[in-house]
Undergrad: 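The following block contains the structure, expressed as structure tokens.
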Amino acid sequence: MILMPQIEIANKHVMYKFEIQGKYSIICGDSGTGKTTLCDLITAANINTVGVINKSDTPLMVLPLDSVDIDPKRVYNRVVFIDERALIMHNGMYEKQLKECDCFFVFIIRTVNLSNLPISAESVYEMHSSGKFHTLRPMYKPFKRQQLSEVDAIIVEDSNSGYEFIRQLTALSGCNTGVVCTTAKGNTKIIHKIHEMVQAGYKHFVLVYDAAAIGMLLTGIVACINRLPNCTFFVVDWQSFEHYILASDVFGEKYNLKSIGCMHESLEQFAAERLKQLMPKYNKKQLPICLRYNACTQCKNTAQCTCVNYDFNKYIYDTIRQLYTFLKKLPQVQMTGISGVTYAYFVQCNHAAKTACVQQWRIDETNFAQNVCKVASNDKTSVVSATALVQHVLAGKIAVTNPSVFRNWVGFVSEC
Amino acid sequence: MLYISFKETATTVWNVDGAFDNIYEDAWMDDPFVKQMVLDVDKSTVVTPHMVESPILGGIPVTKISGGVKALILLLKRPDLEIWASSCGDNCARWIIEIGKMHDIHIVLSHIMQFPCDFDAICTDNNTRIRTYNDYIDCALALLFPGDDTNAAN
């Protein structure tokens with residue numbers, strides 16, 4: 001199946017050439033730019049009209065205006081154009097049907113009511129013409145990020161693991177004095193949350209939303225931001241938290257956004273499924289333990305946050321990558337995907353459990369524990385930093401004398 | 001006066017294309033104001049009540065002008081109709097303002113249309129008087145993005 005359909009269709013007067021990405025796309029923009037003419041051309045091509053040349057690599061069709069439902073067999077593997085005049089767009093019954101179809105949909109519509117569909121911001125286009133040549137260009141320009149001199153509040157669209165991750169990153173980074181991190185609980189509630197926070201007196205925001213599913217809602221967000229000239233916004237339009245994890249290359253595979261096709265509703269779904277294959281225990285609702293931090297002062301991230309030009313993108317990538325790089329260096333331990341990561345995190349960052357791990361280790365490796373205590377602190381009863389413990393293992397100062405016991409212990413830990 | 005609603009109702013003419021094609025009158029296309037709108041939005045010239053000259057498509061029937069222009073003509077000539085103005089691009093916005101100054105017209109918007117300047121209107125959903133672009137944006141944001149689960153995406 002084609003993953004990114006290339007559409008090329010022409011007659012004597014006009015030529016259209018563009019590609020689309022993702023299951024859902026929108027073409028909107030000014031009137032008189034040739035959107036309806038495109039639909040007419042496609043219909044003409046499908047009835048073998050002389051003079052219409054169709055070089056598209058995927059079958060095209062225009063959903064009949066009077067269709068009240070969509071036959072999945074009829075639209076299979078096609079690019080289906082749905083005009084704003086189509087009856088199905090006005091009877092509110094289309095969403096479930098669209099999800100069941102294995103094809104690409106292109107909506108020629110301006111309404112924000114499509115917010116129930118996970119449409120990427122990058123899949124919203126306007127028609128651009130130069131004489132007879134027509135193509136698509138993204139409607140949304142990248143945000144020009146405002147210079148941040150301070151941060152009052154961070155608004156995260158996500159309410160699940162993504163939000164939890166950001167919230168804990170905020171606490172760790174050192175910029176947590178007075179900074180509120182809150183969730184909007186969904187794309188559709190971002191604007192409401194912004195207004196709520198502004199009314200509460202906050203002015204300088206970092207806004208994190210899922211660009212993979214924002215669609216036409218972005219128009220409202222842009223309007224909202226422009227309507228608040230006394231506030232500053234640093235926008236992070238991430239493509240879903242799962243995408244972040246994959247794109248930070250922690251699993252060492254080349255993550256190709258262009259391979260999504262129409263088999264997945266959205267990039268978010270694609271990334272979540274791929275992540276689930278790599279981390280079977282990954283649960284979107286809850287941050288996996290391997291990516292969870294707490295605000296333990298003994299193991300906090302050493303990165304200095306200045307809050308000036310605070311680049312969330314890079315920070316998140318680097319944080320995940322740093323964590324995993326550190327974990328991979330553990331000697332004589334078979335680093336399998338989930339168990340190894342879980343173990344290492346647990347050792348490094350869980351303040352309460354590291355007491356338990358020291359105790360557990362003490363049971364199995366008395367010398368090890370005693371050596372750790374000796375090296376890290378003269379006080380054998382003090383809590384040993386998990387970071388120091390692992391660093392000493394890496395430095396060869398402490399040997400893992402019984403790897404199998406160690407691995408068994410890992411298994412025990414990962415069940416906690 | 002321009003009356004704006006952000007909710008489609010049973011009386012909203014959302015098939016603007018079909019409505020125009022079936023009710024337009026030849027005399028409408030002789031109106032200089034109509035010709036101005038066709039020229040500005042579609043970059044096309046009304047030659048006769050039945051034919052329009054497009055720089056791209058050549059001579060086309062009147063029924064082939066854009067949906068946005070059809071909506072504008074309906075607002076001008078049939079102000080009794082409540083027109084779904086989300087069939088119009090932003091390049092139609094200034095004309096909607098102008099027609100609203102001529103007589104009472106009613107439009108329904110399902111998106112945030114970018115009006116080029118401050119304008120006078122009434123939002124019929126909450127009986128709010130709109131005097132500036134910012135007033136309009138405040139109405140649009142509150143009614144199109146209510147922040148409840150009406151349009152929950154996640």
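The shown structure was predicted, so the numbers you read here are calculated from the model rather than taken from an experiment. All chains are named by letter (A, B, ...) in the order of the sequence lines, taking the proteins before the strands, and each is independently numbered beginning at 1.
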Undergrad: Quick one: CG on Leu144(B) to OG1 on Thr219(A), what's the gap to the nearest 0.5 Å?
TA: 10.0 Å
Undergrad: Quick one: of Ile190(A), Asp83(A), Asn11(A), Leu87(A), who has the most non-hydrogen atom pairs under 4.5 Å with chain B?
TA: Leu87(A)
Undergrad: Is atom NZ of Lys17(A) surrounded by more than 12 heavy atoms (other residues, nucleotides or ligands) closer than 6.0 Å?
TA: no
Undergrad: For chain B, find which of His13(A), Glu84(A), Arg227(A) contributes the most heavy-atom pairs closer than 4.5 angstrom.
TA: Arg227(A)
Undergrad: Taking Ser31(A) for the side chain and Gly89(B) for the main chain, is one N or O donor matched with an acceptor at less than 3.5 Å?
TA: yes
Undergrad: By a 4.5 Å heavy-atom criterion (distance strictly below it), what part of Ile137(B) contacts chain A: side chain, backbone, both, or neither?
TA: side chain
Undergrad: Non-hydrogen atoms of chain B under 4.5 Å away: do they reach the side chain of Asn226(A), the backbone, both or neither?
TA: neither
Undergrad: Taking all atoms of both residues into account, what is the closest heavy-atom pair of Leu141(B) and Gly220(A), and its distance?
TA: CD2-O, 3.4 Å
Undergrad: By a 4.5 Å heavy-atom criterion (distance strictly below it), what part of Ile108(A) contacts chain B: side chain, backbone, both, or neither?
TA: neither
Undergrad: How close do Asp30(A) and Asp90(B) get, counting heavy atoms only, and between which atoms?
TA: OD1-N, 3.6 Å
Undergrad: Identify which part of Arg85(A) has an atom lying under 4.5 Å from any heavy atom of chain B, answering side chain, backbone, both or neither.
TA: both
Undergrad: Chain A: which of Cys88(B), Ser66(B), Gly18(B) shares the most heavy-atom pairs with it under 4.5 Å?
TA: Cys88(B)
Undergrad: Check whether any side-chain heavy atom of Leu217(A) sits under 4.5 Å from a side-chain heavy atom of Phe145(B), and report yes or no.
TA: yes
Undergrad: Using a cut-off of under 4.5 Å for heavy-atom pairs, which of Val16(B), Asp42(B), Ile65(B), Asn134(B) has the most such pairs with chain A?
TA: Asn134(B)
Undergrad: Is Ser129(A) close to chain B through its backbone or its side chain, or both, or neither, when contacts mean heavy atoms under 4.5 Å?
TA: neither
Undergrad: Highest number of heavy-atom pairs under 4.5 Å with chain A: which of Leu57(B), Leu109(B), Thr12(B)?
TA: Leu57(B)
Undergrad: Measure distances from Thr36(A) to the heavy atoms of chain B and classify the residue's part below 4.5 Å as side chain, backbone, both or neither.
TA: neither
Undergrad: Indicate yes or no for a side-chain donor-acceptor contact from Arg110(A) to the backbone of Ser110(B) under 3.5 Å, with no hydrogens or angles considered.
TA: no
Undergrad: Is the number of heavy atoms from other residues, nucleotides or ligands under 6.0 Å of Lys43(B) NZ greater than 12?
TA: yes
Undergrad: Does atom NZ of Lys64(B) have more than 12 heavy-atom neighbours, drawn from other residues, nucleotides or ligands, at distances under 6.0 Å?
TA: no
Undergrad: Looking at every non-hydrogen atom in both residues, tell me the closest pair between His111(B) and Val112(A) and how far apart they are.
TA: CA-CG1, 4.1 Å
